[in-house]
There are 2 protein chains.
Amino acid sequence: MLSSSLQPLPETNSMEKILVVEDDRAVQKALKRLFESEGFMVDVQADGKSALEAFRASAPSAIVLDLRLPSMSGRDVCREVKQQFPTLPIIILSATTDVTDKVLLLELGADDYVTKPFSPRELLARVRAALRRTTRSEVGEAATFDGISVNFAKMEVLREGRLIEMTAREFNALKFLVQNAERVISRDELLTEVWGYQNYPSTRTVDNHILKIRQKLEKDPANPVHFRTVHGVGYKFVR
Amino acid sequence: MLSSSLQPLPETNSMEKILVVEDDRAVQKALKRLFESEGFMVDVQADGKSALEAFRASAPSAIVLDLRLPSMSGRDVCREVKQQFPTLPIIILSATTDVTDKVLLLELGADDYVTKPFSPRELLARVRAALRRTTRSEVGEAATFDGISVNFAKMEVLREGRLIEMTAREFNALKFLVQNAERVISRDELLTEVWGYQNYPSTRTVDNHILKIRQKLEKDPANPVHFRTVHGVGYKFVR
DNA sequence: TCTGAAATGTAAAATAAATGTCATTATTAG
DNA sequence: CTAATAATGACATTTATTTTACATTTCAGA
């Protein structure tokens, strides 16, 4: 299975949403005011579990996360989120004692951290920096269509910013189709180009892989829009 | 199993010619049969000198070349040909010992190679791939007439900018007619070129396809302007 | 210019072929 | 060895092609 990493969520120049995960009421309030006064939308959650739910529902562009939480540790939230949305910036909020080791944070996948007590200005600066970093990072080498981006170098596919797991064969077939957008590709061509010369599997194999690609990427796999079949010949990808 | 004899060969509409340069009689025969069974025309030569002559005379679209030849080494043939026709694909056939170094082959200008003993399927695949690489038509290249555009790579027909759905056979017949504009095409010719050798349907089949083409593309299908009948012979496309 | 045989047009029915899909089996990587 | 991936086979479904049957047109020769 191909591993994760990420691609920039296109910056919504209108309004960024920040998910704050913090159990201390006083800090909650302070953070909410801080970010809102700077034009961010803020969603506050008190524990890890509800944070993950809120996260899925509201699709924030960054997360400010207290490492100390009830019900589910900040670490788990961090890991969970990063797995699915590798590029989404996470800024950790922690007491000095929590993080003696920066390495731990990197392992968690956090982008930056601020130790309590923190200066509002500093936190704001770091969130902004993290947002900037991800929006700017590597635009190249990725084909995009619909809500999907296919990063050839990383062998990564994202749908609505979420990582879609693909096997190597699936990815290569996808890649070839995408790189030859609009052109009708015969099964023979797919077989020689994607599968290589040595092993020639049966024609059904190609269909099965197309099936998988459709299931993973088409909104309605039964009525494929992007991965079209060209009856009597093969397939064709259209943006 | 992918037995291409069952499938219509979308890539080989206009017969490709392969020049095989090989001194071993047994291999000669095998190769000739292999390629002919897949719809290629084959010219076989046993040595480098006559190969070059045959090459000039018959203008093949690819060369399958044994590196070990009498009178003139395959290397020289390769170099010579590549000098004059840099884009013409050359697939080298060699005993394993001949090729300890792939670099040498690249220097020779070969496009690909297969080591003996080789699998017919593999050789075929490599030849096809090489042909495709050099032939690959640009997406967007289209023949136009009246308000109609025929895009070969996309296998797409537009009439007044609107997509006209066509089946593979219809499209291939259309393509052949358009590519042979002004010329009278007999039913037999259509059958061999579009339908292929294997299956010879009879009488009304061709007519029915022309009918469909007319219905889809002629302004007044009953009075065809572009897809004319040549009574007693066949059809003719005029722009 | 008639007339009938041959050729072609045409739509619909019959047949064939290609594709989607899933369950199963093989293969491969870890 | 196990889990993940890939390939195969079987089957239902969809789509395309061929055939059939008959209508219409063409054209040569009277």
Side-chain angles (χ1 to χ4, degrees), chain A residues 1-4 155 157 164-174 177 184-191 194-196 198-218 220-236, chain B residues 1-10 121 155 157 164-174 177 184-188 190-191 194-196 198-218 220-236:
Chain A
M1 194 64 75
L2 303 180
S3 82
S4 68
M155 288 190 71
V157 182
I164 303 289
E165 303 268 350
M166 293 229 147
T167 70
R169 275 282 150 74
E170 283 165 14
F171 186 86
N172 286 331
L174 169 66
L177 285 167
V184 176
I185 312 291
S186 71
R187 285 186 181 69
D188 263 4
E189 189 169 355
L190 268 175
L191 281 171
V194 176
W195 270 256
Q198 329 297 355
N199 43 340
Y200 249 66
S202 77
T203 327
R204 290 265 72 59
T205 300
V206 173
D207 303 47
N208 269 300
H209 282 260
I210 297 288
L211 176 69
K212 295 277 179 54
I213 291 175
R214 283 174 175 165
Q215 288 173 341
K216 290 178 180 179
L217 301 185
E218 291 278 3
D220 176 7
N223 289 65
V225 173
H226 297 106
F227 301 90
R228 301 192 186 158
T229 135
V230 180
H231 196 106
V233 187
Y235 299 92
K236 164 158 95 164
Chain B
M1 208 47 201
L2 180 129
S3 127
S4 351
S5 51
L6 297 178
Q7 279 203 328
L9 308 170
R121 184 148 295 284
M155 286 191 74
V157 181
I164 304 288
E165 303 266 353
M166 293 226 145
T167 71
R169 272 285 151 72
E170 283 164 15
F171 186 87
N172 286 333
L174 168 66
L177 286 167
V184 178
I185 312 292
S186 72
R187 285 185 181 68
D188 265 5
L190 269 175
L191 280 171
V194 177
W195 271 254
Q198 339 289 359
N199 42 343
Y200 254 71
S202 53
T203 42
R204 303 262 67 71
T205 298
V206 172
D207 305 52
N208 264 300
H209 282 263
I210 297 290
L211 174 69
K212 295 276 180 54
I213 291 174
R214 284 173 174 164
Q215 289 173 339
K216 291 177 179 178
L217 300 185
E218 292 278 5
D220 176 8
N223 289 64
V225 174
H226 300 292
F227 302 92
R228 299 191 186 157
T229 298
V230 180
H231 196 101
V233 188
Y235 299 93
K236 164 161 105 166

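Values in this document were obtained by computation on a predicted structure and should not be read as measured data. Lettering of chains follows the sequences in order, A, B, ..., and the numbering in each one begins at 1.
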Would you please test A/E165 and A/K216 for salt bridge (charged side-chain N to carboxylate O under 4.0 Å, His left out) and show each step? CA-CA 8 Å; A/E165 303 268 350; A/K216 290 178 180 179; over 6 Å; no
Which whole-number value in Å describes the distance from A/M166 CE to D/dT5 C1'? 14 Å
At less than 4.0 Å, is any side-chain N or O atom of B/T229 found next to OP1 or OP2 of C/dG9? Yes or no. yes
Roughly, in whole Å, what's the span from CZ in B/F171 to C1' in D/dA16? 17 Å
B/R214/B/T229 under side-chain hydrogen bond (donor to acceptor under 3.5 Å, both in side chains): CA gap, chis, key distance, verdict: CA-CA 11 Å; B/R214 284 173 174 164; B/T229 298; 2.7 Å; yes
How close or far is atom C1' of D/dT5 from atom NZ of A/K212, stated in whole angstroms? 8 Å
Tell me: CG of B/L190 to P of D/dT18, nearest whole Å? 12 Å
Heavy atoms under 4.0 Å, any strand shown: does A/V206 hit a base, just sugar-phosphate, or nothing? nothing
Rounding to a whole Å, what distance do you find between B/R214:CZ and D/dT25:C1'? 12 Å
Integer-rounded Å distance: C/dA17 C1' and A/D207 CG: 13 Å
Does OP1 or OP2 of C/dA18 have a side-chain N or O of A/Y235 closer than 4.0 Å? no
Kindly say if B/W195 contacts the phosphate of D/dT18, meaning a side-chain N or O under 4.0 Å from OP1 or OP2. yes
Between CG of A/L211 and P of D/dA7 the distance, given in whole Å, is 14 Å
Does A/T203 have a side-chain nitrogen or oxygen under 4.0 Å from the phosphate oxygens OP1 or OP2 of C/dA18? no
Does A/R204 have a side-chain nitrogen or oxygen under 4.0 Å from the phosphate oxygens OP1 or OP2 of C/dT19? no
Please state whether the base of D/dT18 and the side chain of B/R169 form at least one donor-acceptor pair under 3.5 Å? no
If you go through the side-chain atoms of B/N208, does one of them form a donor-acceptor pair with the base of D/dT17 closer than 3.5 Å? no
If the cut-off is 4.0 Å, is A/S202 near the phosphate of D/dT8, judged by side-chain N/O to OP1 or OP2? yes
Under 4.0 Å between any heavy atoms, over every strand shown, what does B/Q215 touch: base, sugar-phosphate, or nothing? Just pick one. sugar-phosphate
Please tell me if B/T205 has a side-chain N or O lying less than 4.0 Å from either OP1 or OP2 of D/dT19. yes
When you check the phosphate oxygens OP1 and OP2 of C/dA6, does a side-chain N or O of B/H231 lie under 4.0 Å from one of them? no
State, with a plain yes or no, whether a side-chain heavy atom of A/F227 is found less than 4.5 Å away from one of A/K236. no
So among A/V184, A/V230, A/D207, which one has a side chain to side chain contact (heavy atoms under 4.5 Å, CB included) with A/Y235? A/D207
Starting at CG of A/L191, measure out to CD1 of A/I185 and round the result to the nearest 0.5 Å. 12.0 Å
